[in-house]
K.L.:
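Here's a structure for you.
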Amino acid sequence: MTRLIFLGIESSCDDSAAAVLRQDGDGPPEILSSVVEGQTKLHAAFGGVVPEIAARAHAERLDGCVEQALELAGISLAEVDGIAVTSGPGLIGGVLSGVMLAKGLAAGSGKPLIGVNHLAGHALTPRLTDATPFPYLMLLASGGHCQFLITHAADRFQRLGGTIDDAPGEAFDKTAKLLGLPQPGGPSVEAEASLGEPDRFHFPRPLLDRPGCDLSFSGLKTALLRARDALVAQKGGITVQDRRDLCAGFQQAVADVLAEKTRRAIALYLALEPAEPVLAVAGGVAANGKIRALLETVCAKSGITFIAPPLRLCTDNAAMIAWAGIERFRAGINDADDLVARPRWPLDATASPMIGSGKKGAKA
Ligand code: KG4
Ligand code: ZN
């Protein structure tokens with residue numbers, strides 16, 4: 001095993017990102033630089049990510065991110081051993097910006113080019129941060145994704161279930177919007193919820209009555225809208241305490257559903273008899289204290305280790321793409337000749353396709 005230095009590029013949603021990663025042999029990987037330029041302000045007025053604006057912003061900024069990442073890492077493109085780029089799934093204009101840039105850099109420098117599935121980037125992060133051995137269970141929960149996966153190898157993922165409509169982060173964002181709280185909704189709803197009474201309003205626990213690990217969050221948002229409107233009809237508006245209680249009830253419902261579905265996913269995973277069982281989380285929703293605490297309890301009760309990578313590596317970034325690139329490269333994969341941008345790209349091609357598409361574009 002040799003030393004590898006990889007450049008990673010990510011542009012599948014609303015973060016333009018580049019990173020440089022080094023791994024000496026099979027030692028712990030080192031993030032030499034990780035640059036993330038968010039676009040929240042560009043989309044703020046529209047209540048969601050506007051694909052054309054995102055694509056234009058990536059095209060304008062991505063090369064600057066790469067330059068900055070190389071400079072911060074103190075290396076030149078000539079010293080890099082390979083270039084990894086998110087080639088799907090995501091908003092196609094953004095993915096294309098990244099793929100075209102990476103192809104140009106690879107062609108100009110003669111370096112290997114590796115296409116990375118964005119979700120594989122998230123799913124392999126526990127190996128970047130904690131050297132987690134295969135197979136491990138993964139919960140991806142963000143504004144655009146929600147799924148349970150067993151990661152068997154760098155290119156083999158088994159999807160146990162996922163959302164059939166909204167992602168949980170999207171539900172937090174919509175809840176914040178309905179209650180006049182700032183975006184992103186997750187942190188603002190969580191802050192309000194910490195001052196509220198979770199049992200005052202009863203929100204549904206969608207799909208708990210059905211077997212399996214699929215989830216649904218859009219009905220929860222509708223229930224919240226109805227509860228808010230009922231208060232407005234009764235009293236002409238909602239009080240500060242009403243808002244806190246609504247947030248607390250909503251958050252508890254999301255946490256309960258995620259916890260129960262996680263229990264079921266763990267049972268399926270443990271049937272594989274992994275030597276060192278692990279549940280790892282990724283995505284912005286993993287930042288939620290209540291949800292994280294419940295998942296930790298579920299893991300402790302099942303006797304499995306709970307891993308939550310640091311938040312900057314849980315949310316979209318290019319270090320995870322560089323890392324997935326290194327893992328794929330070490331497995332002998334080089335996509336230079338036929339890399340295409342893919343708006344949809346399920347990690348597990350054998351799992352039934354998901355319906356619906358969230359604020360951040362197509363779900364895989
Ligand atoms: O992973 P991420 O940064 O981006 C993608 O969606 O890909 O996740 C952002 C999502 C947003 O929907 C945000 O509201 C949610 O994660 N989020 C949270 C919290 N912090 C961020 N949701 C619940 N509680 C939080 N503390
Ligand atoms: Zn993501």
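Counting convention: from 1, in listed order, for ligands and their atoms alike.
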K.L.:
Any donor and acceptor pair, going by atom type alone, linking the side chain of Lys221 with main-chain N or O of Thr175 inside 3.5 Å?
P.N.:
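Not at all, since once roles are kept as given, no pair shorter than 3.5 Å links the two residues.
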K.L.:
Go through the steps to decide whether Glu37 and Ser16 satisfy the test side-chain hydrogen bond (donor to acceptor under 3.5 Å, both in side chains), and finish with yes or no.
P.N.:
CA-CA 5 Å; Glu37 265 195 51; Ser16 307; 5.8 Å; no
K.L.:
Report yes or no: does Ser188 contribute a side-chain atom to a donor-acceptor pair with the main-chain N or O of Pro182 at less than 3.5 Å?
P.N.:
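Yes.
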K.L.:
Please report the closest heavy-atom contact between Gly180 and Arg243, naming both atoms and the distance.
P.N.:
O-NH1, 3.9 Å
K.L.:
Using a cut-off of 2.8 Å, count how many protein N, O or S atoms are strictly closer to the Zn ion (ligand 2).
P.N.:
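Every protein N, O or S atom under 2.8 Å from the Zn ion (ligand 2) counted, the figure is 4.
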K.L.:
Checking Arg328 side chain against Gly115 main chain: does a donor-acceptor pair fall under 3.5 Å?
P.N.:
yes
K.L.:
Could you check whether Arg127 makes a cation-pi contact with Phe134, meaning its NZ or CZ is under 6.0 Å from the centre of the six-membered ring and within 45° of the ring axis?
P.N.:
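Cation-pi check for Arg127 and Phe134: passes.
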K.L.:
Could you name each residue pair satisfying salt bridge (Lys or Arg N to Asp or Glu O under 4.0 Å) that touches residues 195-209, not counting sequence neighbours?
P.N.:
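Listed by first then second residue: Arg200-Asp242, Arg200-Asp245, Arg205-Asp256.
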K.L.:
Check Ala319 against Ala19 and note the closest heavy-atom contact, atom names and distance.
P.N.:
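Smallest heavy-atom distance, with atoms named: N-CB, 3.4 Å.
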K.L.:
Identify, by atom number and element, the atoms of ligand 1 in contact range of Asp316, meaning under 4.0 Å from any of its heavy atoms.
P.N.:
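In order of numbering, the contacting atoms are 7 (O).
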K.L.:
Going by the atom numbers of ligand 1, which of them fall below 4.0 Å from some non-hydrogen atom of Gly143?
P.N.:
5 (C), 6 (O), 8 (O), 9 (C), 10 (C), 12 (O)
K.L.:
Please could you name the atoms of ligand 1 that Gly169 approaches to less than 4.0 Å, counting only its heavy atoms?
P.N.:
12 (O), 14 (O)
K.L.:
For the residue pair His122 / Asp316, report whether a side-chain donor-acceptor contact shorter than 3.5 Å exists.
P.N.:
yes
K.L.:
Which residue pairs pass the salt bridge (Lys or Arg N to Asp or Glu O under 4.0 Å) test with at least one member in residues 269-281, sequence neighbours excluded?
P.N.:
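Sorted result for residues 269-281: empty, none.
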K.L.:
Please report whether ligand 1 has a polar contact with Gly283, defined as an N or O pair separated by less than 3.5 Å (distance criterion only).
P.N.:
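For ligand 1, there is no N or O atom that lies under 3.5 Å from one belonging to Gly283.
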K.L.:
Have a look at Pro168, Gly284, Ala141 and point out the one with the heavy atom closest to atom 2 (P) of ligand 1.
P.N.:
Gly284
K.L.:
By number and element, which atoms of ligand 1 are closer than 4.0 Å to a non-hydrogen atom of Val285?
P.N.:
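So the atoms of ligand 1 that pass are 16 (O), 18 (C), 22 (N).
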K.L.:
For ring pair (Phe, Tyr, Trp, His ring centres under 6.0 Å), just list the numbers for Tyr136 and Tyr269, CA-CA rounded to whole Å, side-chain angles, deciding distance to a tenth of an Å, and then say yes or no.
P.N.:
CA-CA 8 Å; Tyr136 55 90; Tyr269 164 64; 8.4 Å; no
K.L.:
Heavy atoms only: which of Asp14, Asp173, Asp166 is nearest to atom 12 (O) of ligand 1?
P.N.:
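Considering heavy atoms of Asp14, Asp173, Asp166, the nearest to atom 12 (O) of ligand 1 sits in Asp173.
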K.L.:
Under 4.0 Å, heavy atoms only, figure out whether ligand 1 is touched by the backbone of Thr315, its side chain, both or neither.
P.N.:
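Both the backbone and the side chain of Thr315 come within reach of ligand 1.
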K.L.:
Considering both backbone and side-chain atoms of Gly186, is one of its nitrogen or oxygen atoms within less than 3.5 Å of a nitrogen or oxygen in ligand 1?
P.N.:
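Indeed, backbone or side chain, Gly186 has an N or O that close.
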K.L.:
Could you tell me whether some N/O pair between Cys314 and ligand 1 is separated by less than 3.5 angstrom?
P.N.:
no
K.L.:
Please round to the nearest 0.5 Å and tell me the distance separating atom OG of Ser11 and atom CD1 of Ile321.
P.N.:
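If we round to the nearest 0.5 Å, Ser11:OG and Ile321:CD1 are 9.5 Å apart.
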K.L.:
Taking both backbone and side-chain atoms of Glu190, is any N or O found less than 3.5 Å from an N or O belonging to ligand 1?
P.N.:
yes
K.L.:
Sorted by first residue and then second, give each ring-ring contact (aromatic ring centres under 6.0 Å, His included) pair with at least one member in residues 182-216; sequence neighbours left out.
P.N.:
none
K.L.:
Quick check on contacts: which atoms of ligand 1 are under 4.0 angstrom from a heavy atom of Gly144?
P.N.:
6 (O)
K.L.:
Judging by distance only, is a nitrogen or oxygen of Phe172 under 3.5 angstrom from one on ligand 1?
P.N.:
no
K.L.:
Are Cys13 and ligand 1 in contact, using a heavy-atom cut-off of under 4.0 Å?
P.N.:
no
